[in-house]
Amino acid sequence: MAGKRRQHHLIKIFGGNLWQAQLVQGLLEANNIACVLRNETMSAVTAPYATLGGEVWVLIDESERDAALNILKKECVSSAPYN
């Protein structure tokens, strides 16, 4: 029987507009923390109408939470209320 596979649990570490989320994504990935964006398509479609666009989330594996928050804090990026 094959070994157990580790289940990944994604959590939201940041929420903001598309360009902010992309900056946070780049910052985290530059520090070897894998992340994904969620809701970026709707945000891009509604960008001219800022209040209609949804929040873009940066999601990371829960096991990386503390490291990601330290990086964001060091770079003065507010992640509230996700910390």
(request) Please test Ile11 against Arg65 for side-chain contact (heavy atoms from CB on, under 4.5 Å), starting from the C-alpha separation and ending with a verdict. (result) CA-CA 8 Å; Ile11 61 167; Arg65 180 182 180 275; 3.8 Å; yes
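Between Val56 and Arg38, every side-chain heavy-atom pair lies at or beyond the 4.5 Å cut-off. Residues Ile60 and Leu10 fail the side-chain proximity criterion, which asks for heavy atoms closer than 4.5 Å. Contact check for Asn70 versus Lys74: no side-chain heavy atoms found under the 4.5 Å cut-off.
Here the closest non-hydrogen pair linking Leu37 and Gln22 is CD1-CG, 3.8 Å. Nearest approach of Leu59 to Lys12, heavy atoms of both residues: CD2-CA, 3.6 Å. Taking each heavy atom of Glu64 and Asn32 in turn, the nearest pair found is OE2-O, 4.4 Å.
When Leu23, Val36, Ile13 are each tested for a side-chain contact (heavy atoms from CB on, under 4.5 Å) with Val58, only one passes: Ile13.
Criterion: ILVMFWY side-chain heavy atoms under 4.5 Å apart, direct or through other members. Under it, Trp19 and Val24 are not part of a common hydrophobic cluster.
The backbone N or O of Ile33 lies less than 3.5 Å from no partner atom in the side chain of Asn31, so there is not a single donor-acceptor pair. Judged by distance alone, the side chain of Gln20 and the main-chain N or O of Asn17 form a donor-acceptor pair under 3.5 Å.
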